[in-house]
Every structure is written in C-alpha cells, then in structure tokens.
2 protein chains.
Amino acid sequence: MSKEQTRARLLDAAERLFAENGFDGTSLRTITSAADANLAAVNYHFQSKEGLIAAVFSRRIEPLNQERITRLDQAIRAAAPAPPDLEDILRAFLLPTLRLRGTADGLEAGHFLQLLGRVFSDPGSIKAVVLSQFRPTAQRFLEVLSQALPQLPRPELLWRLHFLIGSLAHAHAAGELIRLMSAGACDPDDGEGVLQHLTTFAAAGFRAPHTRPAPQKASMVNP
Amino acid sequence: MSKEQTRARLLDAAERLFAENGFDGTSLRTITSAADANLAAVNYHFQSKEGLIAAVFSRRIEPLNQERITRLDQAIRAAAPAPPDLEDILRAFLLPTLRLRGTADGLEAGHFLQLLGRVFSDPGSIKAVVLSQFRPTAQRFLEVLSQALPQLPRPELLWRLHFLIGSLAHAHAAGELIRLMSAGACDPDDGEGVLQHLTTFAAAGFRAPHTRPAPQKASMVNP
DNA sequence: GTTTGATTCAAACGTTCGTTTTATCCTCCT
DNA sequence: AGGAGGATAAAACGAACGTTTGAATCAAAC
C-alpha cells in the first residue's frame with residue numbers, strides 16, 4: 001500500500017486510540033490492525049510501545065512550542081517597548097492548542113489535545129519526557145508574564161499559571177463532560193468560544209491582587 | 001490478623017497504589033500483598049477489580065459531598081437573606097477537598113485527591129459512576145453561584161465552574177509538577193495555601209464581565 | 001461439642017499482552 | 001540482471017493479568 005508511510009499511519013492510529021482508550025487500554029494489536037500494519041511494525045519503527053507513545057507526543061509538541069513562541073514574540077514586538085497586554089500573552093499560550101492545525105496532518109490533532117490533558121495526571125514515565133519538552137516554553141512565558149504583572153510575587157504567578165494549565169487541560173480532556181452537564185449549551189469543540197471564555201476567566205484571575213500572606217481568621221483548614 | 005477489616009485494608013492499599021501507579025498499572029496481586037490479604041479477597045469482597053475501584057471512590061465521595069453541602073448551607077444561612085459572598089461559596093466547594101480528614105480514616109485521604117484529579121480524564125467506565133455521584137452537589141453549587149452572580153449567562157457560569165474544577169484537579173493530580181517547577185517555592189501539600197491562592201484566582205475569574213458574544217476582529221482561530 | 005456459615009487460602013485456568021525471531025517481499029543501485 | 005538492505009509478514013515466546021475453584025480455617029450458635 002505504501003512505503004515508509006507506515007510510521008505515519010501508526011502514529012495517527014495510536015494518537016486516536018490512545019486518546020479514546022488510554023495507553024494501557026490500547027494494545028499494539030489494536031493499533032497495528034487499525035493502521036493496516038503488521039504487529040511487529042511498532043517494535044521495528046519505535047523499538048517499543050513506550051517509544052511509540054513518546055513519538056506520538058514529540059510529533060505534536062515541537063510545532064506547538066514553535067507556534068506559542070512565535071505568537072508570543074509577535075505580541076512582544078507589537079507592544080514594545082511596553083510589556084504586551086496580559087490577554088495577548090494568554091492568547092499566545094492558549095490559541096495554538098485550540099487550533100493545532102497547520103501541521104502536516106491537521107485533522108486528527110484534536111485527539112492529541114485529549115492526550116495532553118491526560119498526561120499531567122498519568123503515572124508513567126511518559127510524563128517526564130513530555131514535561132521536559134514543555135519546560136523551556138513555559139519558562140519563557142513565565143518571564144513575560146512576570147514583566148506584565150510586576151507586582152505579583154513569583155510563587156503566586158506560578159500557582160496561577162498552573163491553574164491556567166489545569167483549566168486548559170480539563171477543557172480538553174473532559175470536554176464531553178461540560179457538553180453533558182450543560183445539556184449542549186456549551187460546546188467544547190468550538191475552539192474560538194473556549195479560547196474567549198478561558199482568556200476572560202484567566203486574565204481576571206491573573207490580575208487579582210496577590211493573596212494575603214496570612215489567613216484572615218485562624219486556620220480555615222483545621223478549625 | 002483481623003476479621004472483616006480485610007475490606008478496609010484492601011481499600012486503603014488500593015487507594016494508595018491506584019494513585020501512585022494508575023488503575024491498569026496496579027495489579028490485584030500488588031494490592032492484596034500490600035494489604036496482607038489473599039489474591040482472591042478482592043473478588044470475594046468486591047466481585048471484580050472494577051468493583052474495587054468503584055468502592056474506593058464511593059467511600060470518599062459521600063462524605064465529601066456532605067461536607068460541601070454543609071458548608072454551603074452554613075454560608076447561605078450566615079448571609080441570608082442576601083446571597084453569600086462568592087469567596088464563601090468557592091471555599092465551601094474547595095475546602096473539603098483540601099482537608100479530607102474527618103472521615104473515619106483521615107490519614108491516607110490525600111491519595112484520593114490524586115485519583116479524583118485523574119478520573120476526569122480517564123477513559124474507563126469508572127468516570128460515569130463517579131460523575132453521577134458528583135452531579136447533585138455540582139447542580140446545587142451552580143444554583144447558588146447563579147444567585148451570587150445574577151448577571152452571568154448560564155453557559156458562561158458553567159464554563160467557569162469547569163475551569164475551577166480543572167484548576168483544582170490539576171493542583172491535586174500534578175502537585176509534584178509545580179513543586180518541581182518552582183524549585184520548592186510552591187508547596188502543593190500546604191492545603192491552606194493552595195486554598196487561598198485558588199480562591200483568589202477563581203473568585204476574580206468568576207467576577208470578570210461576561211465574554212463578549214462576538215470576537216472583536218474576524219476569527220482568531222482560523223486567520 | 002458439633003454444626004453452620006462466613007472468610008481465607010493455595011493453586012490453577014484461560015486470556016491477553018509486548019516482544020522476538022525467522023523468513024519473505026519490495027525497491028533501489030551498479 | 002542481480003545482489004544488498006530496508007521494510008513487512010507470520011508465528012511463536014514467556015510473562016503477567018483477572019478470575020475461578022475447592023479445600024482449609026475460623027467464630028459464633030445451638
């Protein structure tokens with residue numbers, strides 16, 4: 001049927017099936033048969049199942065990082081010498097995940113977002129690999145955010161960035177949940193809508209005055 | 001060693017191991033040997049592995065729902081006849097997850113939070129069971145939030161509640177991540193600190209003016 | 001003291017998994 | 001045309017899994 005395109009077909013099938021059934025819930029036999037490939041093809045092209053998983057992520061993460069940095073630089077250049085608007089920084093971070101098109105195969109990228117939302121809470125060794133690929137970009141955004149919100153202590157900024165990532169991951173990984181709970185009024189597939197809602201929510205959260213260092217009355221956690 | 005306490009030991013061991021290694025990553029043999037029980041004990045007490053998983057969740061969810069509702073009612077009563085402060089509503093929702101003590105066995109509950117953060121993105125049939133147990137409480141909070149923020153359209157309120165849940169789940173499930181990225185400056189085990197940071201962030205996000213219905217300039221998603 | 005029913009135990013069953021092996025096919029190079 | 005090497009194919013391997021079985025054990029009831 002095809003030459004070396006087997007690699008790509010395996011990656012596409014794996015991405016989709018991993019998103020739908022999880023890593024452990026998807027066997028190599030399921031993947032290879034969905035990709036019209038032989039069972040041994042995975043071990044031939046990716047050495048192991050874990051190698052396949054890592055390849056599924058690597059294929060998407062690099063373009064994602066690139067687009068995030070490109071958009072961030074655009075925002076910085078447009079606002080120079082002042083720091084860019086908070087909303088523009090957030091959009092540079094969020095928008096590339098909500099339109100993962102533009103890569104060679106733009107169609108099935110939506111499945112990747114589900115995977116991305118799941119990897120943060122996955123126990124395996126994949127997490128370390130994926131996170132190390134995100135680290136430089138995250139660091140870059142932290143710097144710029146810090147310039148845009150100079151009054152915010154660094155730990156608080158980090159917490160808020162994590163809340164943003166959590167919201168994004170949840171919107172991706174549990175998209176069907178909100179569609180169900182809203183009886184269809186909220187559409188997680190409407191990337192533009194999600195972007196707007198999340199940008200509004202998170203921008204206000206980032207701009208909140210920093211948390212008071214001491215609780216107002218005794219301990220709320222162990223009263 | 002003990003009579004019917006085998007059930008409890010199995011639940012404790014399963015909770016911890018599931019949190020550390022995932023559902024598929026934890027075998028019944030690992031669980032039963034950690035609980036000093038026989039391999040067949042799981043099938044005897046819980047019928048199947050999936051029954052064990054469901055029991056692990058059910059044991060914690062009911063007290064969690066109860067405490068959330070109790071605190072919400074307290075906040076409503078204290079503020080009546082006005083709707084309670086947004087911060088108080090959020091704390092009633094967040095605080096019980098950050099101090100899951102008070103149940104019979106208060107020590108290992110922290111592991112349950114990791115599980116809770118993961119269940120939203122899990123592919124299995126467990127998700128449906130867990131979500132159905134959360135649904136009434138979530139509906140109740142939605143009502144009260146809607147009264148406290150009457151100007152907010154219902155779908156936008158739902159989105160923001162989901163962002164809150166995502167932030168909470170991420171804080172629990174990926175707690176070690178923020179400790180790493182902050183080089184120790186952020187402590188995910190400091191429940192009180194997380195509560196304050198998240199309440200501040202989310203309250204500001206909920207109070208943000210509702211998202212403009214139409215994007216300001218053309219489509220940002222597919223330019 | 002014996003019986004009864006609930007719990008624990010050791011052992012095995014059948015299935016599925018990731019991986020490896022060996023042979024065959026196809027494509028390009030000289 | 002013919003050989004070399006990368007890619008695919010079929011089959012088998014050992015290991016690990018969830019579950020089941022049937023006997024052994026225990027505590028309480030009569």
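So that the names make sense, note that chain A is the first sequence line, chain B the second, and so on, each numbered from 1. Nothing here was measured: the structure is a model prediction, and the numbers come from that model.
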Taking [atom1] from [X] and [atom2] from [N], how many angstroms apart are they, rounded to a whole number?
X	N	atom1	atom2	answer
A:L10	D:dT8	CG	C1'	12 Å
B:F46	D:dG18	CZ	C1'	16 Å
A:Q5	D:dT8	CD	P	10 Å

If only atom types and distance count, is the side chain of [X] paired as donor or acceptor with the main-chain N or O of [Y] below 3.5 Å?
X	Y	result
A:T200	A:Q196	yes
B:R118	B:A19	yes
A:S167	B:G166	no

Taken in chain and number order and not counting sequence neighbours, the residues that satisfy salt bridge (charged side-chain N to carboxylate O under 4.0 Å, His left out) with A:D88 are A:R91

Pull out every residue in residues 122-130 of chain B that has a heavy atom closer than 4.0 Å to any atom of DNA chain D, ordered by number, or say none. none

For the pair B:D73 and B:R140, find out whether any cationic side-chain nitrogen is under 4.0 Å from an anionic carboxylate oxygen. yes

Who are the ring-ring contact (aromatic ring centres under 6.0 Å, His included) partners of [X], not counting sequence neighbours?
X	value
B:F57	B:F112
B:H162	A:H170
B:F141	B:F93
A:F46	none

Using the test side chain to side chain contact (heavy atoms under 4.5 Å, CB included), find all partners of A:A40 that sit at least two apart in sequence or belong to another chain. A:N38

Do A:D12 and A:R59 have side-chain heavy atoms sitting under 4.5 Å apart? yes

I need the full list of side-chain hydrogen bond (donor to acceptor under 3.5 Å, both in side chains) pairs touching residues 129-138 of chain A, with sequence neighbours left out, sorted by first then second residue. A:S58-A:Q133, A:N65-A:T137

Give a yes/no on whether any side-chain N or O of A:T6 is located under 4.0 angstrom from OP1 or OP2 of D:dT8. yes

N or O in side chain of A:H45 less than 4.0 angstrom from D:dT8 OP1/OP2: yes

Contiguous Watson-Crick or G-U pair runs (3 or more, under 3.5 Å) in DNA chain C: C:1-30 with D:1-30

Please write out each protein N/O paired with an N/O of nucleotides 15-20 of chain C under 3.5 Å, distance rounded to 0.1 Å.
residue, atom, partner, partner atom, Å
C:dG18, OP1, A:K49, NZ, 2.5
C:dG18, OP2, A:L28, N, 2.8
C:dG18, N7, A:R29, NH1, 2.9
C:dG18, O6, A:R29, NH2, 2.8
C:dT19, OP2, A:N43, ND2, 3.4
C:dT19, OP2, A:K49, N, 2.9
C:dT19, O5', A:N43, ND2, 3.4

How would you list all residue pairs meeting salt bridge (Lys or Arg N to Asp or Glu O under 4.0 Å) that involve residues 161-181 of chain A, not counting sequence neighbours? A:E176-A:R179, A:R179-A:D187, A:R179-A:D189

Protein-nucleotides 24-26 of chain C N/O pairs under 3.5 Å:
none

